[in-house]
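A short write-up of the structure that comes next.
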Amino acid sequence: MMTFPVLFVFCLIFSSSYAAVQDFCVANYTAPQSPAGYFCKNPANVTVDDFVYTGLEVAGNASKINKVRLNTAFVSQFPGLNGLGLSLARADLAVGGSIPLHTHHGATEIILVAEGTVVLGFIDSNNKVYLKTLNKGDILVIPPGLLHFQVNGGNSPALEFAFFSSADPGVQILENSLFLSNLPTELIAQTTFLDTAQIKKLKGFLGGTN
Ligand SMILES: *[C@@H]1O[C@H](CO)[C@@H](O)[C@H](O)[C@H]1NC(C)=O
Ligand SMILES: *[C@@H]1O[C@H](CO)[C@@H](O)[C@H](O)[C@H]1NC(C)=O
Ligand SMILES: *[C@@H]1O[C@H](CO)[C@@H](O)[C@H](O)[C@H]1NC(C)=O
């Protein structure tokens, strides 16, 4: 049987070599992302810069269609977020700009309006619509998975920040799913009751085929 001092020394060795608490799992981008996130970077190689992201000080790239510029700090850009279940984006909406109906599978979203006026809406599973005009400083929470949209509701540019309860919230935009994909027009007509001419027009506009 081990004597107390031997056991103590054994535990000390054991804890210093194996019991280090893993405080974080900074993304190692060498392997592709899985639904559980990225592999962890060796903690010896982690630096403070892995926990800092400096890309959000400017608007994202312009989109021709919706007059919105999106810039994201998701885990694919910001390695320190890996495994932490949150992320952030900014949206700059020009006058008349909008973000069409979309969902983030599995992520709750909080929107903070930093400049201007934004009309926000989401629709629940009973098709009840929740609409609100938000001004600077107002925040609204969108429950996970629900379709929602934003429209600039003022005469000046609007800036908002969106916080997500996922490091990789993803986005599925309804109009893109329908009119930027190769889902056959006939099936879209059958499943949405839109007429074929309108579907073809929207596909021409957004780049869908079939
Ligand atoms: C990242 O993963 C690759 C492949 O497993 C590994 O060779 C490399 O050492 C890792 N880098 C760090 C910084 O942990
Ligand atoms: C990670 O850190 C170890 C130990 O400091 C070093 O030998 C190795 O080169 C580093 N790897 C990378 C990918 O920076
Ligand atoms: C904007 O586009 C450039 C060129 O394609 C790209 O390098 C950059 O990452 C994009 N910025 C954002 C915020 O998406």
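What's counted below: heavy atoms across the whole structure, side chains too, no hydrogens, waters or symmetry copies. Each ligand, and each atom within it, is numbered from 1 in the order the structure gives.
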Exercise for the section: Give a yes or no on whether atom 2 (O) of ligand 2 lies under 4.0 Å from any heavy atom of the protein. Expected result: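 Neighbour list for atom 2 (O) of ligand 2 includes protein heavy atoms (cut-off 4.0 Å).
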Handout entry: Nearest protein heavy atom under 4.0 Å from atom 11 (N) of ligand 3, yes or no
Key =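 Yes, at least one protein heavy atom sits under 4.0 Å from atom 11 (N) of ligand 3.
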So which heavy atom in the protein is nearest [atom], and how far is it from that ligand atom?
atom                    : answer
atom 5 (O) of ligand 2  : Ala44 CB, 4.6 Å
atom 13 (C) of ligand 3 : Asn71 OD1, 3.5 Å
atom 9 (O) of ligand 1  : Asn28 ND2, 4.8 Å
atom 6 (C) of ligand 3  : Asn61 ND2, 4.1 Å
atom 14 (O) of ligand 1 : Asn42 N, 2.7 Å

Exercise for the section: Quick one: sort the Tyr130 and Phe122 rings into parallel, tilted or perpendicular, breaks at 30° and 60°. Expected result: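 It falls in the parallel class, under 30°.
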Would you say that more than 12 heavy atoms from the other residues, nucleotides or ligands in this model lie under 6.0 Å from the [atom1] of [X], or not?
X      : atom1 : result
Gln77  : CD    : yes
Asn155 : CG    : no
Phe39  : CZ    : no

Exercise for the section: Kindly compute the distance separating OG (Ser156) from CG (Leu93), expressed to the nearest 0.5 Å. Expected result: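 Output value for this atom pair is 11.0 Å.
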Exercise for the section: Indicate yes or no: does Glu115 engage Lys136 in a salt bridge with an N to O separation below 4.0 Å. Expected result: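 Result for this pair is yes, salt bridge flagged.
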Handout entry: Contacting atoms of ligand 1, where contact means under 4.0 angstrom from a heavy atom of Thr30
Key =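 Going through ligand 1 atom by atom, the ones under 4.0 Å from Thr30 are 1 (C), 2 (O), 3 (C), 4 (C).
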Handout entry: Ligand-side contact atoms (ligand 1) for residue partner Lys41, heavy atom cut-off under 4.0 Å
Key =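 Reading through ligand 1 atom by atom, the close ones are 12 (C), 13 (C), 14 (O).
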Problem - Atoms in ligand 2 flagged as close to Asn45, the criterion being non-hydrogen separation under 4.0 Å - result: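 Selected atoms, number and element: 1 (C), 2 (O), 3 (C), 8 (C), 10 (C), 11 (N), 12 (C), 14 (O).
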Problem - Side chains of Leu146 and Asp124 in contact at under 4.5 Å (non-hydrogen atoms) - result: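 In contact.
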